[in-house]
Engineer: 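Please see the structure below; I have some questions.
Only this structure's heavy atoms are used, side chains among them; waters, hydrogens and symmetry mates stay out.
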Amino acid sequence: MPRPLAVVFLVLAVPSARAADAFDLYTNPVLAKVPSADGVKDVKQLTPDQILDHDRLLPGLSGTLVVVRTNDDRWAKLLVQSARQKVDAGKSLPMLLVERFVTYKEGREQAVQAGSSNVSLFPGFRFSLDLGQVVPEALGGDLRFVADGDKVFVEPLGKAKLYLVTKPLPDAAPKKADKVVVGDKFEARLFNGTYRLHDDGRRSGKLTLKVADDGDVTGALYSDKDGEKYEVRGRVGVPNHAIEFTVTFPRSEQTFKGWLFTGDAKALAGSSRLGTGEAGFYAVRVEE
């Protein structure tokens with residue numbers, strides 16, 4: 001049998017170039033509700049027929065959504081497909097294609113423990129979602145792909161739990177953003193919302209801002225690098241389309257000064273300071 005390529009991955013961050021989609025809405029708090037959610041099945045063996053029956057559950061995405069509670073008590077989500085790998089003329093092997101998977105850090109909202117895409121599991125292969133790797137039997141693993149004659153299935157290993165999602169979960173529905181309308185007078189409340197932040201072409205993430213009546217700003221930055229959440233605090237300035245806010249990291253702080261576009265309030269641009277370095281940034285409003 002030809003040696004399969006790109007089977008083993010260890011990735012501690014999900015690439016940020018891909019646009020967000022329905023799969024991304026299944027964050028750690030949503031996955032934690034899966035065992036008691038309507039339309040979710042706790043399965044001991046996931047068969048190709050079950051995978052086919054629930055394909056394309058998520059809008060715009062192929063694959064079947066499954067959720068795993070790992071042996072290290074983390075939540076993981078996977079988009080999977082049942083497939084076959086050609087070996088010789090007229091011969092092929094069954095396989096499980098993991099289109100995408102993300103394992104979240106325990107107790108975090110979106111922080112990623114491991115994640116990757118296009119992982120192929122062949123008969124006898126084990127997959128550790130905590131490590132993000134195909135592993136040997138000695139390392140246990142969370143899932144095993146089995147093909148024994150006509151019996152083909154995926155099964156959880158050890159104390160891992162495998163859940164098949166048969167209908168979208170309400171908690172993962174996209175939140176509709178309020179329509180932003182700029183009136184004759186520009187108001188500080190127009191800063192409220194979610195933005196895609198791009199910092200110096202080096203860092204990016206999801207920025208949420210909320211402005212209080214007194215002009216104080218609170219919010220969060222979710223890093224595209226690893227999904228970690230960082231506190232945001234600041235204040236709307238003078239004029240009231242100006243803003244200054246600080247992102248607090250574990251060992252440093254970064255201060256942003258910028259201005260919201262007064263024509264449509266759809267973008268924010270300015271400069272940031274991290275330590276002694278200063279650079280430019282921009283943020284584009286996310287409208288669901």
Engineer: Can you establish whether the number of heavy atoms outside Y282 located under 6.0 Å from its atom OH is more than 12?
Structural biologist: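 Counting other residues, nucleotides and ligands, OH of Y282 stays at 12 neighbours or fewer.
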Engineer: Any heavy-atom pair between the side chains of E244 and T255 that's under 4.5 Å?
Structural biologist: yes
Engineer: Report yes if the distance between the aromatic ring centroids of F127 and F145 is under 6.0 Å, otherwise no.
Structural biologist: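 No - the distance between ring centres of F127 and F145 does not fall below the 6.0 Å cut-off.
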Engineer: Going by the rule ring-ring contact (aromatic ring centres under 6.0 Å, His included), which residues pair with F153 if we only count those two or more places apart in sequence or in a different chain?
Structural biologist: none
Engineer: In chain order, what residues pass the side-chain contact (heavy atoms from CB on, under 4.5 Å) check against L58, with sequence neighbours excluded?
Structural biologist: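 Listed in chain order: A22, F23, Y26, L61, L65, L79.
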Engineer: Got a sec: does the CG of D213 have more than 12 other heavy atoms crowding it under 6.0 Å?
Structural biologist: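 Check fails, neighbour count at 12 or below.
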Engineer: Could you list the residues that satisfy side-chain contact (heavy atoms from CB on, under 4.5 Å) with A83, not counting sequence neighbours?
Structural biologist: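 In terms of side-chain contact (heavy atoms from CB on, under 4.5 Å), with neighbours along the sequence ignored, A83 is linked to M95.
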Engineer: Evaluate E253 against E231 for side chain to side chain contact (heavy atoms under 4.5 Å, CB included), listing each step before the verdict.
Structural biologist: CA-CA 10 Å; E253 291 185 339; E231 183 183 36; over 6 Å; no
Engineer: Might you point out which heavy atoms bring A188 and V236 nearest each other, and give the distance in Å?
Structural biologist: CB-CG1, 3.9 Å
Engineer: Would you mind checking if E228 and K105 are paired as a salt bridge, meaning a charged N to carboxylate O distance below 4.0 Å?
Structural biologist: yes
Engineer: So, taking the atom named OG in S82 and the one named CD1 in I51, what distance separates them when rounded to the nearest 0.5 Å?
Structural biologist: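 Those atoms lie 5.0 Å apart.
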Engineer: Rounded to the nearest 0.5 Å, what separation is found between the CD atom of Q45 and the CD atom of Q50?
Structural biologist: 9.0 Å
Engineer: If we only count heavy atoms from C-beta on, is the T218 to K210 side-chain gap below 4.5 Å?
Structural biologist: yes
Engineer: Does D55 reach the main-chain N or O of L52 with its side chain, forming a donor-acceptor pair under 3.5 Å?
Structural biologist: no
Engineer: Check the pair R285 / L260 against side chain to side chain contact (heavy atoms under 4.5 Å, CB included), numbers first and verdict last.
Structural biologist: CA-CA 10 Å; R285 188 183 296 275; L260 190 63; 4.2 Å; yes
Engineer: With sequence neighbours excluded, what pairs up with P170 under the side-chain contact (heavy atoms from CB on, under 4.5 Å) test?
Structural biologist: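 Partners of P170 under the side-chain contact (heavy atoms from CB on, under 4.5 Å) test: none.
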Engineer: For R74, enumerate each residue passing the side-chain contact (heavy atoms from CB on, under 4.5 Å) test, keeping only those at least two apart in sequence or located in another chain.
Structural biologist: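 Result, side-chain contact (heavy atoms from CB on, under 4.5 Å) vs R74: T70, D72, T103, E106, Q113, D130.
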Engineer: Using a 4.5 Å cut-off on heavy atoms from C-beta on, say whether the side chain of F245 contacts that of L207.
Structural biologist: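 Contact flag for L207/F245 side chains = yes.
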Engineer: Same cluster or not: are F186 and I243 linked, directly or through other Ile, Leu, Val, Met, Phe, Trp or Tyr residues, by side-chain heavy atoms under 4.5 angstrom apart?
Structural biologist: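 As far as the 4.5 Å side-chain criterion goes, I243 and F186 are connected within one cluster.
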Engineer: With a 4.5 Å limit on heavy-atom distance, are the side chains of Y230 and P250 in contact?
Structural biologist: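 Yes, their side chains come closer than 4.5 Å.
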Engineer: Do L164 and T166 make a side-chain contact, defined as non-hydrogen atoms from C-beta onward lying under 4.5 Å apart?
Structural biologist: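 Yes, their side chains come closer than 4.5 Å.
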Engineer: Are L97 and L78 linked, directly or through intermediate hydrophobic residues, by side-chain heavy-atom contacts shorter than 4.5 Å (ILVMFWY only)?
Structural biologist: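 Yes, L78 and L97 fall within the same hydrophobic cluster.
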Engineer: If you group Ile, Leu, Val, Met, Phe, Trp and Tyr by side-chain heavy-atom gaps below 4.5 Å, do Y222 and F256 land in one group?
Structural biologist: no
Engineer: Decide yes or no for R189 and V211: does some side-chain heavy atom of the first lie under 4.5 Å from some side-chain heavy atom of the second?
Structural biologist: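 Of all side-chain heavy-atom pairs linking V211 with R189, none is under 4.5 Å.
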Engineer: Where is the tightest heavy-atom contact between Y163 and P35, given as atom of each residue plus distance?
Structural biologist: OH-CG, 3.7 Å
Engineer: So which heavy atom on V135 is nearest to which on S128, and how close?
Structural biologist: CG1-CB, 3.9 Å
Engineer: Salt-bridged, R196 to D224, with N to O below 4.0 Å?
Structural biologist: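 A salt bridge links R196 with D224.
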Engineer: What residue pairs, at least two apart or across chains, pass ring-ring contact (aromatic ring centres under 6.0 Å, His included) with a residue in residues 59-98?
Structural biologist: none
Engineer: Go through the steps for V217 and R233 under the test side chain to side chain contact (heavy atoms under 4.5 Å, CB included), then give the verdict.
Structural biologist: CA-CA 5 Å; V217 174; R233 289 194 174 275; over 6 Å; no
Engineer: Under the 3.5 angstrom rule, does the side chain of N71 hit a backbone N or O of G141 as a donor-acceptor pair?
Structural biologist: yes
Engineer: For the pair R126 (side chain) and L143 (backbone), establish whether a donor and an acceptor sit closer than 3.5 Å, ignoring hydrogens and angles.
Structural biologist: no
Engineer: Evaluate side chain to side chain contact (heavy atoms under 4.5 Å, CB included) for D21 paired with R100, printing each intermediate quantity in order.
Structural biologist: CA-CA 12 Å; D21 55 31; R100 288 158 60 184; 2.9 Å; yes
Engineer: L268 versus F281: any side-chain heavy-atom pair under 4.5 Å?
Structural biologist: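 Yes. Closest side-chain heavy atoms under 4.5 Å.
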Engineer: If you take all heavy atoms of P29 and E109, which pair is closest and at what distance?
Structural biologist: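 Reported closest heavy-atom pair: CD-O, 3.5 Å.
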Engineer: Can you tell whether the side chains of K185 and E187 come within less than 4.0 Å, N to carboxylate O?
Structural biologist: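 Salt bridge absent between K185 and E187.
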Engineer: Cluster question for you: counting only ILVMFWY and a side-chain heavy-atom cut-off of under 4.5 Å, with indirect links fine, are V43 and L96 together?
Structural biologist: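 Yes: a chain of side-chain contacts under 4.5 Å links V43 to L96.
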Engineer: When rounded to the nearest 0.5 angstrom, what distance separates NZ in K33 from CG in N28?
Structural biologist: 12.0 Å
Engineer: Same cluster or not: V146 versus L46, using hydrophobic residues (I, L, V, M, F, W, Y) connected whenever any side-chain heavy atoms lie under 4.5 Å apart?
Structural biologist: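 V146 and L46: separate clusters.
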Engineer: Quick check: do Q254 and T246 have side-chain heavy atoms less than 4.5 Å from each other?
Structural biologist: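 The answer is no; the side chains never approach within 4.5 Å.
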Engineer: Using 0.5 Å steps for rounding, measure from the CZ atom of R202 to the NZ atom of K225.
Structural biologist: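 That separation rounds to 13.0 Å.
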Engineer: Between E99 and S62, does the side-chain hydrogen bond (donor to acceptor under 3.5 Å, both in side chains) criterion hold? Intermediate values first, please.
Structural biologist: CA-CA 9 Å; E99 289 191 357; S62 61; 3.0 Å; yes
Engineer: Search all heavy atoms of A269 against all heavy atoms of F261 and return the closest pair with its distance.
Structural biologist: CB-CE1, 4.4 Å
Engineer: When you measure from the side chain of D216 to the backbone N and O of R235, does any donor-acceptor pair fall under 3.5 Å?
Structural biologist: no
Engineer: Please determine which of N192, L221, V232 meets the side chain to side chain contact (heavy atoms under 4.5 Å, CB included) test together with L209.
Structural biologist: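 In the set N192, L221, V232, the residue that makes a side chain to side chain contact (heavy atoms under 4.5 Å, CB included) with L209 is V232.
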Engineer: Using a strict cut-off of less than 4.0 Å between a Lys/Arg side-chain nitrogen and an Asp/Glu carboxylate oxygen, indicate whether D142 and K159 qualify as a salt bridge.
Structural biologist: no
Engineer: Measuring from atom CG of D42 to atom OG of S36, what distance do you get when rounded to the nearest 0.5 angstrom?
Structural biologist: 12.0 Å
Engineer: Check L274 against S252 and note the closest heavy-atom contact, atom names and distance.
Structural biologist: CD1-OG, 4.0 Å
Engineer: First locate atom CG of L169, then atom CG of D171, and finally report the distance between them rounded to the nearest 0.5 Å.
Structural biologist: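 So the gap between those two atoms works out to 7.0 Å.
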